[in-house]
Amino acid sequence: MARFLTNREENYSQWYNDLVIKADLAENSAVRGCMVIKPYGYAIWEKMQAELDRMFKATGHVNAYFPLFIPKSFFSREAAHVEGFAKECAVVTHYRLKHSPDGSGIIVDPDARLEEELIVRPTSETIIWSTYKDWIQSYRDLPLLINQWANVVRWEMRTRLFLRTTEFLWQEGHTAHATMEEAKEEALRMLGVYSDFVENFMGVPVVRGVKTESEKFAGAIDTYTIEALMQDGKALQGGTSHFLGQNFAKAFDVKFTNREGKLDYVWATSWGVTTRLIGALVMAHADNNGLVLPPKLAPIQVVIVPIYKGNEQLDAISAIALELKAGLEKAGLTVKYDDRDTQKPGFKFAEYELKGVPVRLAIGPRDAEEGTVEVARRDTLTKETIARAGIVEHITALMDEIQHNIYRKALAFREQNTYSCDTWEEFCDIIENRGGFVMAHWDGTPETEEQIKNLTKATVRALPFDNPDEEGRCILTGKPSHRRVLFARAY
RNA sequence: CGGGGUAUAGCGCAGUCCGGUUAGCGCAUCUGGUUUGGGACCAGAGGGCCGCAAGUUCGAAUCUUGCUACCCCGACCA
């Protein structure tokens with residue numbers, strides 16, 4: 001079977017690329033660095049969106065939409081922000097085309113140069129905070145809890161489907177608060193929403209923590225992050241939530257009158273997750289047979305495949321299958337009955353495995369006669385024949401079991417590949433030969449962080465919230481440290 | 001932006017060194033038939049500006065020059 005996919009153990013990144021394309025999630029487009037998200041991949045994104053959107057609303061947020069374009073001058077208002085994003089911006093300089101004088105085609109009309117260039121948003125803090133200035137006057141206007149679903153553009157040098165594309169889809173929350181405490185609380189709350197989503201819906205365990213100075217968001221005071229471990233031992237940042245302090249309020253002069261009647265700058269947060277999560281979903285669970293989707297995000301949760309000879313048998317089996325489908329749908333499951341006559345059962349089995357459908361039911365003449373159905377699990381690749389009576393309850397329970405099993409498996413993998421390490425030799429050995437998360441002491445300086453990165457390609461992924469205080473010595477410099485941090489090579 | 005590579009059917013490739021009938025192969029597609037409990041088989045068919053442009057030549061996928069695009073490795077990054 002593996003002959004249809006590159007073997008995961010032989011070439012992980014090729015395997016990933018093949019899988020994304022063969023499972024019909026996405027493909028490269030005619031535009032450099034930009035992908036086409038195909039219907040099956042987009043269906044997963046829609047499921048993610050629906051759940052996240054529900055979570056955002058349950059925590060008091062509302063959706064709005066801001067422009068794709070940002071006037072260049074807005075960008076320079078926050079110094080660290082412009083510094084961080086300037087090198088990867090797409091810029092609109094003209095607004096018109098015309099036929100070339102020599103008739104050879106269409107050219108940019110040099111007379112149509114914009115007075116002020118527009119930046120295609122790489123993130124929307126600047127346009128949003130320039131708008132918030134007009135929306136906020138008093139503490140009564142706060143908190144302002146807004147989310148936007150949008151596309152953004154970051155002109156990256158090298159791209160990979162879902163993991164890093166020039167244009168990508170995301171949501172970005174931008175909130176404004178009267179106090180520092182409230183803004184910090186909000187940033188942490190949203191990090192909690194993200195980790196809840198990634199762990200309980202995607203089935204991917206995460207480490208929560210704060211980013212170092214060099215890794216934090218351009219313009220933030222603190223960046224909180226969730227870090228997940230992929231099957232090749234590399235870390236993937238799953239989502240970030242930023243405490244922005246008063247940086248953007250000061251840059252855009254957003255002041256409010258507080259309860260004491262005094263003017264103060266507003267406190268801010270922003271937070272986002274992207275279509276990159278689809279890449280994480282693939283890299284965390286999939287195997288050499290294809291995707292393994294968690295039931296809670298699978299576009300198709302159950303597929304029914306009929307096995308038959310001739311129309312007569314097909315009719316009899318279809319009657320059973322459609323009744324079963326109706327029963328499962330009534331229980332809230334998304335079911336597909338694949339009665340295509342153009343493909344054989346074996347082909348369909350392999351195809352739905354490739355696409356990661358959690359449960360496959362097969363019904364043949366034997367099952368029709370004996371009142372049974374063959375139930376195959378994608379996560380374990382096991383099959384059992386069970387009675388049709390009570391099948392809906394069985395499948396419903398199985399969905400939960402699969403959801404949990406996928407998470408347990410990923411968690412076990414992460415635990416097996418998380419090392420606590422105290423010497424430089426051991427550190428290099430693990431990073432180079434085994435991969436995974438390494439909890440080690442670091443002296444806290446950007447210089448040492450940089451040096452470790454240059455020597456090993458490993459970076460500090462986070463200062464984990466859950467790591468206990470512990471006296472130790474930096475693995476590189478030997479200087480004192482009070483807590484272990486999370487190192488890994490990362491995507 | 002540095003270093004390396006590739007461009008031939010929808011996809012993956014051979015042919016290019018050493019120019020020569022009608023440019024092949026596998027997969028996919030279409031037609032007909034037999035099949036259907038783990039990626040079926042047989043027979044037939046369609047599909048090409050050989051990346052673009054110029055040059056050399058009786059003759060160019062093949063040689064020369066220029067251009068363009070894409071991929072890989074680095075620096076940048078969710």
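Just so we're clear, the structure is a prediction, and the values are computed from it rather than from any experiment. In what follows, every chain begins at residue 1, and chains take the letters A, B, ... in the order their sequences are listed.
A:T165 comes within 4.0 angstrom of a nucleotide base, judged by non-hydrogen atoms across all strands. Contacts of A:F168 with the nucleic acid, taken as non-hydrogen atoms under 4.0 Å apart, include base atoms. In this structure, A:N28 reaches neither bases nor backbone, as no heavy-atom distance under 4.0 Å exists between it and the strands shown. Nucleic acid contact class of A:L163 (heavy atoms, under 4.0 Å, all strands): base.
Residues from residues 292-320 of chain A placing a heavy atom under 4.0 Å of any atom in RNA chain B, listed by number, are A:I307, A:Y308, A:K309. Within residues 193-212 of chain A, no residue is approached by RNA chain B to less than 4.0 Å at the level of any non-hydrogen atom.
Side-chain atoms of A:K344 lie closest to B:A40 of the nucleotides B:A40, B:G38, B:G39. Closest to the side chain of A:D341, from the set B:G37, B:G38, B:U35, is B:U35. The A:K457 side chain lies nearest to B:G74 when the options are B:G37, B:G39, B:G74.
Checked options A:H61, A:Q171, A:E172; the residue passing with A:N147 is A:Q171 (criterion: side chain to side chain donor-acceptor pair (under 3.5 Å)).
Partners of A:E351 by side chain to side chain contact (heavy atoms under 4.5 Å, CB included), not counting sequence neighbours, listed by chain and number: A:R340, A:F347. The ring pair (Phe, Tyr, Trp, His ring centres under 6.0 Å) search around A:F56 returns A:W271, not counting sequence neighbours. Not counting sequence neighbours, the partners of A:D232 by the side chain to side chain donor-acceptor pair (under 3.5 Å) test are A:Y491. Residues that satisfy the side chain to side chain donor-acceptor pair (under 3.5 Å) test with A:N247, not counting sequence neighbours, are absent from this structure. Every residue two or more places apart in sequence or in another chain that forms a side chain to side chain contact (heavy atoms under 4.5 Å, CB included) with A:N200 is listed here: A:D196.
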Please list, one pair per line, the donor and acceptor atoms closer than 3.5 Å that link side chains of residues 354-370 of chain A to other protein atoms, with sequence neighbours excluded.
| residue | atom | partner | partner atom | Å |
| --- | --- | --- | --- | --- |
| A:R360 | NH1 | A:E353 | OE2 | 3.1 |
| A:D367 | OD1 | A:T372 | OG1 | 2.7 |
| A:D367 | OD2 | A:G364 | N | 2.9 |

Side-chain donor-acceptor pairs under 3.5 Å in residues 79-91 of chain A, sequence neighbours left out?
| residue | atom | partner | partner atom | Å |
| --- | --- | --- | --- | --- |
| A:H81 | ND1 | A:A218 | O | 3.0 |

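Between B:G19 and B:G3, the distance separating the two P atoms is 32 Å to the nearest Å. For B:U35 and B:C42, the P atoms lie 15 Å apart once the distance is rounded to whole Å. Remark: the separation of the P atoms in B:U65 and B:U29 is 43 Å, to the nearest Å. Of the C1' atoms belonging to B:G15 and B:C41, the separation is 31 Å, rounded to the nearest Å.
Contact annotation: side chain of A:E351 to base of B:G39, donor-acceptor pair absent below 3.5 Å. A donor and an acceptor atom sit less than 3.5 Å apart, one in the side chain of A:K383 and one in the base of B:G38.
Legend: ring pair (Phe, Tyr, Trp, His ring centres under 6.0 Å) pairs involving residues 189-212 of chain A, not counting sequence neighbours, sorted by first then second residue: A:F197-A:F201. Among residue pairs with one or both ends in residues 360-388 of chain A, none qualify as ring pair (Phe, Tyr, Trp, His ring centres under 6.0 Å); sequence neighbours excluded.
Across all their heavy atoms, A:L145 and A:T59 have their closest contact at CD1-O, 4.3 Å.
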Seminar exercise, completed: Symbol by symbol from the 5' end, with Watson-Crick or G-U pairs under 3.5 Å, [ ] crossing and | another strand, RNA chain B is (((((((..((((......[...)))).((((((.....)))))).....(((((..]....))))))))))))....
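Here the two rings, on A:F168 and A:F162, have centers that are 6.0 Å apart or farther.
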